[in-house]
Amino acid sequence: MSETWFSDNYSDLSNSNGVDAGFQFEFYCERCRDAYRTEFQGYKSARAAGWLGRASGLVGGFLGSAGDAVDSMAEAGYKKAWDGAFREAVQDARQHFRRCARCFQYVCTKCFNKDSGLCYNCAPDAEVEIEAAKASGMVYAAGEKAALEGIQQGKKMDVKRKRQLVCPDCGAEAHGAKFCPECGTKLAVNADCPDCGVEVPSGAKFCPECGCKMNQ
C-alpha cells in the first residue's frame with residue numbers, strides 16, 4: 001500500500017456534476033496556513049451529462065434521456081475518477097510541502113528548516129528568536145517600570161476619602177467626582193477635618209469633633 005499524504009490538511013474543491021464538474025484540491029501549510037491550489041481537472045463524463053441536460057431543456061426530446069443515462073454513468077465512475085485525481089494532486093503538492101521529522105506536520109518550504117529537517121516550530125531560526133526575545137524583554141521591562149510608576153502615583157492618592165460612585169438622581173457613574181458628570185448633582189463626598197483629621201460628613205460647615213470651620 002502506498003503512503004498516504006495530506007490526510008487532514010487539504011480541502012476538496014471538486015464538483016461531481018454539471019457542466020463545471022471536475023476535481024480541484026487545496027493543500028495548506030500546517031504552520032503558516034498558506035495554501036497551494038492544484039489546477040482544475042474537468043470530469044468529462046459529468047460535464048457531458050450537464051451539457052446534454054441543458055440542451056434537452058432547450059429543444060426537448062430524446063436528449064433528456066441521453067443526459068440521464070450519461071449522468072448515471074458519471075456518478076458510477078466518480079469515486080474512481082476522484083481517487084485518480086487526488087493521487088495526481090498529492091504528487092503535485094508534494095513538491096511544495098515538507099514533512100517535519102519531529103512533529104510530523106506538513107509545512108510549506110518557507111516554514112521548513114532544511115538544515116535540520118524540521119519545521120521552524122521545532123527548530124526555530126536563532127536570529128528570529130533573538131529579536132523576539134529582545135522585544136519580549138523590552139515589553140516586560142516597560143511593564144515593570146510602568147507598574148512602579150503607578151505605585152508611586154497611587155501613594156499620592158487620597159484613599160481614605162469616601163467616594164459616591166453612582167449619582168443618586170440619574171444613576172450615572174460618577175467615578176468619585178464631586179459633581180455628577182451627567183446631570184451636575186452635587187455628590188456626597190466626605191472630607192477630613194483640616195485640624196483634627198476626623199472624617200466630616202458632606203455639607204457640614206463645622207467639624208463635629210473639634211468645631212473647626214470647614215472649607216466649602
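Scope of the values below: all heavy atoms of this structure, side chains included, with no hydrogens, waters or symmetry mates.
Note: the hydrophobic cluster containing Tyr36 also contains Val90 (ILVMFWY, side chain heavy atoms under 4.5 Å, direct or indirect links).
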For a side-chain contact (heavy atoms from CB on, under 4.5 Å) check, start with the C-alpha distance between Thr109 and Arg98, then their side-chain angles and the critical distance, and finish with the verdict. CA-CA 6 Å; Thr109 54; Arg98 300 291 182 270; 4.2 Å; yes
Evaluate the side-chain contact (heavy atoms from CB on, under 4.5 Å) criterion for residues Gln91 and Arg94: first the C-alpha distance (whole Å), next the side-chain angles of each, then the deciding distance (0.1 Å), finally the verdict. CA-CA 5 Å; Gln91 292 302 317; Arg94 288 179 69 165; 3.7 Å; yes
Run the numbers on Thr38 and Phe27 for side-chain contact (heavy atoms from CB on, under 4.5 Å), then give the verdict. CA-CA 8 Å; Thr38 61; Phe27 302 86; 3.9 Å; yes
Using the rule given for side-chain contact (heavy atoms from CB on, under 4.5 Å), can you reason through Arg37 versus Leu13, listing the C-alpha separation, both sets of side-chain angles and the distance that settles it, and then say yes or no? CA-CA 9 Å; Arg37 180 176 296 183; Leu13 308 179; 3.5 Å; yes
Asn15 and Tyr43: CA distance, side-chain angles, deciding distance, side chain to side chain donor-acceptor pair (under 3.5 Å) verdict: CA-CA 9 Å; Asn15 188 8; Tyr43 182 36; over 6 Å; no
Yes or no on side chain to side chain donor-acceptor pair (under 3.5 Å) for Asp169 and Thr185, after CA distance, side-chain angles and deciding distance? CA-CA 7 Å; Asp169 285 355; Thr185 299; 2.9 Å; yes
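Taking CG of Leu118 as the start and SG of Cys111 as the end, the distance is 13.5 Å to the nearest 0.5 Å. With rounding to the nearest 0.5 Å, the separation of CZ in Arg33 from SG in Cys108 is 11.5 Å. Here the SG-CD distance, from Cys103 to Gln105, works out to 4.5 Å after rounding to the nearest 0.5 Å.
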Please report, to 0.1 Å, the donor-acceptor pairs under 3.5 Å made by any side chain of residues 143-155, with sequence neighbours excluded.
| residue | atom | partner | partner atom | Å |
| --- | --- | --- | --- | --- |
| Glu149 | OE2 | Gln153 | NE2 | 3.1 |

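Heavy-atom minimum distance, Ala89 versus Phe25: CB-CD1, 3.5 Å. Residues Cys210 and Cys196 share a closest heavy-atom pair of SG-SG, 3.7 Å. Pairing each heavy atom of Pro181 with each of Ala174, the nearest pair is CD-CA, 4.0 Å. The shortest heavy-atom contact between Cys119 and Cys100 is N-SG, 3.4 Å. The minimum heavy-atom distance between Tyr120 and Asp125, with the atom names listed, is CD2-N, 3.9 Å. Heavy-atom minimum distance, Asp12 versus Gln24: OD1-O, 3.7 Å.
In this structure, Asn9 contributes its side chain and Tyr28 its backbone to a donor-acceptor pair below 3.5 Å. Formation of a donor-acceptor pair under 3.5 Å by the Glu30 side chain with backbone atoms of Tyr106 is found in this model.
Remark: Arg87 does not engage Asp83 in a salt bridge, criterion side-chain N to carboxylate O under 4.0 Å.
Phe23 is listed as a side-chain neighbour of Trp82, based on a closest heavy-atom distance under 4.5 Å. Counting heavy atoms from C-beta outward, Lys110 and Asp34 have side chains that approach closer than 4.5 Å. Looking at heavy atoms from C-beta onward, Glu88 lies in side-chain contact with Gln41 at the 4.5 angstrom threshold. Using a 4.5 Å heavy-atom threshold, the side chains of Tyr78 and Ser14 count as touching.
Annotation for Glu39: atom CD does not count as buried by contact number, only 12 or fewer foreign heavy atoms lying within 6.0 Å.
Under the salt bridge (Lys or Arg N to Asp or Glu O under 4.0 Å) criterion, Glu131 pairs with Lys134, sequence neighbours left out.
Between Phe97 and Phe6, the ring centre distance stays below 6.0 Å.
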